[in-house]
Amino acid sequence: MKEVEILSLGPFYAPAFALMEQEFTVHKLWQAKDPAGLIAEVGARIRGIQAMHANKTDAKLMDALPKLEIISCFGVGVDGVDLEAARKRGLIVTNTPEVLNECVADLALGLTLATIRRISLGDRYVRAGSWLKGPLPFTHSMGGKIMGILGYGRIGKAIAKRAEAFGMRIVYHGRKPQADVAHKYYADLTEMARDCDVLVAICPGGAATRHIVNAEVMQALGPEGTLINVARGSVVDEQALVQALSDGSLGAAGLDVFESEPKVPEALFAMDQVVLQPHVASATHETRMAMGVLTADNLRAHFAGRPVLTPVA
Ligand code: NAP
Ligand code: 8YV
């Protein structure tokens, strides 16, 4: 299918990217010294886009590619794509759901454990020789605590399974209660935050969830509460988060994602009650390979005249 030309907006896991390149003619916008020049040169021939969540795939870009048929996203979150513009153009949009559930849930649970039990702090404590001067202060248990999940979807359910194995009780918030789910549903996020010990955000990003975890929600979670964000930086009001952690109205936070990543508010660096990760929840060899293969498989299926494997509804 080398005659099919694809515009790559960002690189993904190299061995999987190579598979895509074996099959298609791939133009790498992220390597272009003059991105606008590259689009002017090849735009009229481009039939597919491959995008990462951080890439802005908007109407302007789509309009510059008159033969565009499909946008294949690496990652499950498609908040970088203007879905309405894609719908109007009749474009197919695909993502890579399911294959990353377990890894993202592992990191979410790891962050929860590391934050509640102050594992990163303990590590720094030993390395700094502080143990010689006295023991680390006690932390809290995971078992018996309530975890509120904001976004009880594919990954949310994988997180719940792990948290239950740690003896935690699960409650959830979404836009509606789910049939066949026995956990308590909260229509109101602030109410759920008030009732739980740990609030895990794992809902989609984008305008609908922007700052859904606001100052009020953090106050409700309270001085003993822990916020875990593995969703998108945009979901949490970061300024309010820094304020709540500084004045102690929120107890602790474990964060994999940030509003202006890779920029992280420096105020968080000095906080012992915070664990920071550089957006790595799905970043294992196995999972990134599976995501990359699925990204290429969706393109292959479409250009072979078959239905794509994982279309975004
Ligand atoms: P999913 O299966 O579609 O689940 C999303 C959940 O969020 C659903 O339960 C949905 O429930 C809920 N939701 C959607 N819109 C909402 C809103 N406006 N308010 C409250 N809840 C809402 O998606 P998934 O595969 O689990 O992935 C979830 C998200 O995780 C992705 O979109 C991505 O942003 C993030 N993610 C992050 C990483 C990372 O590296 N940190 C990795 C993978 C995914 P209702 O429809 O009932 O509202
Ligand atoms: C990746 C993600 O970090 O799937 C998502 O939505 O955020 C992560 O799996 C991302 O796709 C890499 O750009």
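Just so it is clear, the values below take in all heavy atoms, side chains as well, and ignore hydrogens, waters and symmetry mates. Order of appearance sets the numbers: ligands from 1, and atoms from 1 within every ligand. Please read these numbers as outputs of a predicted model, since none were measured by experiment.
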Under 4.0 Å from ligand 1, counting heavy atoms only, is it the side chain of [X], its backbone, both or neither?
{"X": "Val104", "result": "side chain"}
{"X": "Arg232", "result": "side chain"}
{"X": "Ile202", "result": "both"}

Any idea which protein heavy atom is nearest [atom], and the distance to it?
{"atom": "atom 35 (C) of ligand 1", "answer": "Ala231 O, 3.7 Å"}
{"atom": "atom 10 (C) of ligand 2", "answer": "His53 ND1, 3.6 Å"}
{"atom": "atom 44 (C) of ligand 1", "answer": "Val76 CG1, 3.2 Å"}
{"atom": "atom 13 (N) of ligand 1", "answer": "Pro204 CD, 3.8 Å"}

Is the closest heavy-atom distance from Gln178 to ligand 1 below 4.0 Å?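 Judged by the 4.0 Å heavy-atom criterion, Gln178 does count as contacting ligand 1.
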
Can you tell which part of Arg288 has a heavy atom less than 4.0 Å from ligand 2: side chain, backbone, both or neither? side chain

Please indicate whether any nitrogen or oxygen in Leu100 is less than 3.5 Å from any nitrogen or oxygen in ligand 2. no

Is Val76 in polar range of ligand 2, meaning some N or O pair under 3.5 Å apart? yes

By number and element, which atoms of ligand 2 are closer than 4.0 Å to a non-hydrogen atom of Phe74?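 Under 4.0 Å from Phe74, ligand 2 has these atoms: 11 (O).
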
Within ligand 2, which atoms have a heavy atom of Ser282 less than 4.0 Å away?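 Ligand 2 atoms under the 4.0 Å threshold to Ser282: 1 (C), 3 (O), 8 (C), 9 (O).
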
